[in-house]
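One structure is given here, and the rest of the page talks about it.
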Amino acid sequence: MLDIQLLRTDLNSTVEKLATRRYDFPMDRFNRLETERKKIQIQTEDLQAKRNAASKKIGQAKSKGEDAAEFFTEVENLGDKLKQSSTKLEQIQTELQKILLEVPNLPHDSVPIGHDEASNQEIRRWGNIHSFDFKIKDHVSIAEELQLVDFETAAKLSGARFCVMTDGLARLHRALAQFMLDTHVHSHGYTEAYTPYLVNHDSLRGTGQLPKFEEDLFAVNTGEKAADDSTHSTKFFLIPTAEVTLTNIVRDKIVASNSLPLKFVAHTPCFRSEAGSYGRDTRGFIRQHQFDKVELVHIVHPDYSYAALEELVGHAETILQKLELPYRVMTLCTGDMGFSAAKTYDIEVWLPAQNTYREISSCSNCESFQARRMQARYRNENGKPTLLHTLNGSGLAVGRTLVAVLENYQNSDGSVTIPEVLRPYMHGLDCLTVPDRQ
RNA sequence: GGAGAAGUGACCGAGUGGUUGAAGGUGCACGCCUGGAAAGCGUGUGUGCGGUUUAUACCGUACCGCGGGUUCGAAUCCCGCCUUCUCCGCCA
């Protein structure tokens with residue numbers, strides 16, 4: 001959420017900045033509501049003040065045993081007027097809030113301006129792209145030929161965009177997650193967390209998924225029958241990322257400033273409905289309804305959030321370097337950034353079968369955008385509660401890392417070599433081959 | 001799921017309709033005292049929103065788990081919900 005003061009005092013330039021994100025701020029409606037709000041709020045609070053004063057006098061008179069009749073007549077007509085006024089005020093504020101909750105974050109000055117991904121800027125590349133002296137396969141063919149994945153069974157169990165992995169592939173998947181967690185906890189100083197996969201409405205509003213992106217989420221009702229269908233309300237949502245739980249840890253809190261920065265890491269499944277992406281990446285592990293991710297979250301003092309962003313990207317890059325997977329780092333342009341981000345770096349890993357780089361991590365500084373929604377604060381030098389800055393990044397998406405390993409480590413005989421750093425997690429397995437199922 | 005109890009400020013804790021934003025204590029900050037410290041003494045110590053203001057500041061309003069209701073007036077009364085604790089049941 002943006003600071004409403006910014007919209008009040010500097011509306012034009014704010015609206016211009018939002019336009020670079022392809023967001024059309026409803027200026028006229030906002031202005032109309034604001035004017036109205038000011039009038040009605042002053043009126044309402046004035047009526048409340050009158051009522052409070054009269055009530056106080058009644059109390060005083062009664063405690064002295066005096067007659068309070070004259071004060072009663074004073075308040076007589078106040079009730080209706082006050083009710084009318086406060087109802088109106090509530091309506092206006094609800095509408096303003098609705099507008100405000102749907103406005104995306106302002107891009108940082110260093111973010112390139114552009115309409116779509118074509119304007120993203122490459123900052124650096126790492127690793128040598130391996131050249132193969134045989135005809136390479138994509139990750140689906142590799143895994144299917146090794147009989148380690150079964151999309152048909154997954155479709156029977158659940159539907160499209162799910163998978164069943166078995167044997168060495170399932171273990172490799174687990175190994176990747178463990179390796180990432182261990183690295184972030186032991187080398188990068190993160191606090192490991194285990195958090196719920198089901199969350200309430202408030203948490204999703206805190207990080208910005210709600211109210212605008214409800215269709216991207218899976219909602220869950222409890223098994224009990226609703227006594228009255230019309231009032232039945234969703235109780236939980238499945239998390240689309242652990243960013244939601246890790247960031248909301250500080251919702252409605254004033255964090256002791258000497259405990260900053262907070263750095264959390266968690267490995268969780270993520271659930272996304274992928275509404276609006278029908279037909280894209282239908283093959284394989286790239287875009288699934290359920291996927292695992294190791295998520296990194298920083299909660300920091302506002303002065304240090306951009307330094308923290310560089311650190312965060314570095315931590316994600318370390319994983320790819322240790323796995324010896326080539327990648328590049330991109331700065332997303334204004335038109336390609338997510339709703340809550342002020343600045344985002346995407347890390348894209350090299351996928352030989354697609355002959356291109358594909359997103360494997362997204363690291364964002366949300367500045368105070370989420371903190372304002374969450375009322376997440378610390379006490380500044382003067383003891384005044386001040387909004388924190390929040391950052392999040394994938395470190396990394398496990399399923400996509402698995403894809404990258406399969407494709408980059410494939411051999412001419414169809415087997416896949418296990419990267420060196422994962423061997424300790426593989427129980428002696430150093431190569432994926434067709435399993436011997438007697 | 002059943003029965004009972006409870007949710008008040010950074011923390012503990014009083015408060016069952018009227019000068020209560022909230023006694024008292026702890027903590028914290030500042031000052032006095034001290035050679036220094038402790039003890040002691042004194043003063044201060046919530047947040048959101050709005051208005052006036054360059055700002056400091058001042059004024060108004062809301063907030064005692066959350067949401068409604070009753071009333072001129074609600075931390076206090078009524079209704080619904082949530083959470084925690086104890087006992088029982090069920091369960092990985």
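Side-chain atoms of Glu45(A) lie closest to rG60(B) of the nucleotides rG60(B), rC72(B), rG21(B). Among the nucleotides rG51(B), rC72(B), rG60(B), the one closest to any side-chain atom of Ile42(A) is rG51(B). Among the nucleotides rG18(B), rC49(B), rG51(B), the one closest to any side-chain atom of Lys38(A) is rG51(B).
Across all strands shown, nothing is found opposite rG17(B) as a Watson-Crick or G-U wobble partner with both distances under 3.5 Å. When both pairing distances are held under 3.5 Å, rG42(B) makes a Watson-Crick or G-U pair with rC30(B). Using N1 to N3 plus N6-O4 or O6-N4 for Watson-Crick, or N1-O2 and O6-N3 for G-U wobble, each under 3.5 Å, rC58(B) pairs with rG51(B). Under the Watson-Crick or G-U wobble criterion, with both distances below 3.5 Å, rA75(B) has no partner in any strand shown. Figure legend. rG35(B) is base-paired to no nucleotide; pairs are counted as Watson-Crick or G-U wobble with both atom distances under 3.5 Å. Look at rC81(B): its Watson-Crick or wobble partner, with both distances under 3.5 angstrom, is rG65(B).
At the heavy-atom level, Lys57(A) lies nowhere under 4.0 Å from the strands shown. Counting non-hydrogen atoms under 4.0 angstrom, Gln5(A) reaches the backbone sugars and phosphates but no base. Nucleic acid contact for Gln60(A): base, since at least one base atom lies under 4.0 Å from a heavy atom of the residue. Ala49(A) comes within 4.0 angstrom of the backbone, heavy atoms only, and of no base.
rG1(B) and rG89(B) have their C1' atoms separated by 7 Å, with the value rounded to a whole Å. Separating the P atom of rG65(B) from that of rA3(B) is a span of 24 Å, rounded to the nearest Å. The separation of rA75(B) from rC88(B), taken at their P atoms, amounts to 39 Å, rounded to a whole angstrom. Here the separation of rU70(B) from rG80(B), taken at their C1' atoms, is 15 Å to the nearest Å. The gap from the P atom of rU43(B) to that of rC11(B) amounts to 25 Å, rounded to the nearest Å. As rounded to the nearest Å, rG25(B) and rU45(B) have P atoms that lie 15 Å from one another. When the C1' atom is used for both rU47(B) and rG21(B), the distance is 11 Å, rounded to whole Å. Remark: the separation of the C1' atoms in rC66(B) and rU8(B) is 15 Å, to the nearest Å.
The ring of His267(A) has its center no closer than 6.0 angstrom to the ring center of Tyr194(A).
Between the CZ atom of Arg251(A) and the P atom of rG65(B) there is a distance of 18 Å, given to the nearest Å. When rounded to the nearest whole Å, the span between NE2 of His201(A) and C1' of rC82(B) equals 16 Å. Following rounding to the nearest Å, Lys384(A) (NZ) and rU45(B) (C1') show an atom-to-atom distance of 15 Å. Here rA62(B) presents its C1' atom at 11 Å from CG of Leu89(A), a figure rounded to the nearest Å. Atom P of nucleotide rG9(B) and atom CG of Asp252(A) are separated by 14 Å, given to the nearest angstrom. Distance Asp3(A) CG to rG48(B) C1': 13 Å, rounded to the nearest Å. Regarding Lys62(A), its NZ atom lies at a distance of 14 Å from the P atom of rU19(B), rounded to whole Å. With rounding to whole Å, Asn200(A) atom CG is found 10 Å from rU83(B) atom P.
Comparing Glu90(A) and Pro385(A) along RNA chain B, the residue whose closest nucleotide (by nearest heavy atom) sits nearer the 5' end is Pro385(A). Each of Arg8(A) and Lys83(A) has a nearest nucleotide on RNA chain B; the 5'-most of these lies closest to Arg8(A).
Taking His184(A) as the reference, His188(A), Tyr190(A) meet the ring-ring contact (aromatic ring centres under 6.0 Å, His included) condition, with sequence neighbours excluded. Residues that satisfy the ring-ring contact (aromatic ring centres under 6.0 Å, His included) test with Phe285(A), not counting sequence neighbours, are His139(A), Phe151(A).
At least one side-chain nitrogen or oxygen of Asn52(A) sits closer than 4.0 Å to the OP1 or OP2 atom of rU61(B). For the OP1/OP2 pair of rA62(B) and a distance below 4.0 Å, the side-chain nitrogens and oxygens of Arg51(A) include at least one atom meeting the criterion. At rA62(B), none of the side-chain N or O atoms of Gln41(A) fall inside 4.0 Å of OP1 or OP2 (strictly under the cut-off). Contact annotation: Arg377(A) reaches the phosphate of rG48(B) (side-chain N/O to OP1 or OP2, under 4.0 Å).
In this structure, the side chain of Thr20(A) engages the main chain of Lys17(A) through a donor-acceptor pair within 3.5 Å. A donor-acceptor distance shorter than 3.5 angstrom exists from the side chain of Thr386(A) to the backbone of Lys384(A), with no hydrogens or angles considered.
Using the six-membered ring where Trp is involved, His289(A) and Phe162(A) have ring planes that are tilted, between 30° and 60° apart.
A donor-acceptor contact closer than 3.5 angstrom links the side chains of Thr390(A) and Gln370(A).
Ionic pairing of Glu274(A) and Arg287(A) is present here: one or more N-O contacts between side-chain nitrogen and carboxylate oxygen are shorter than 4.0 angstrom.
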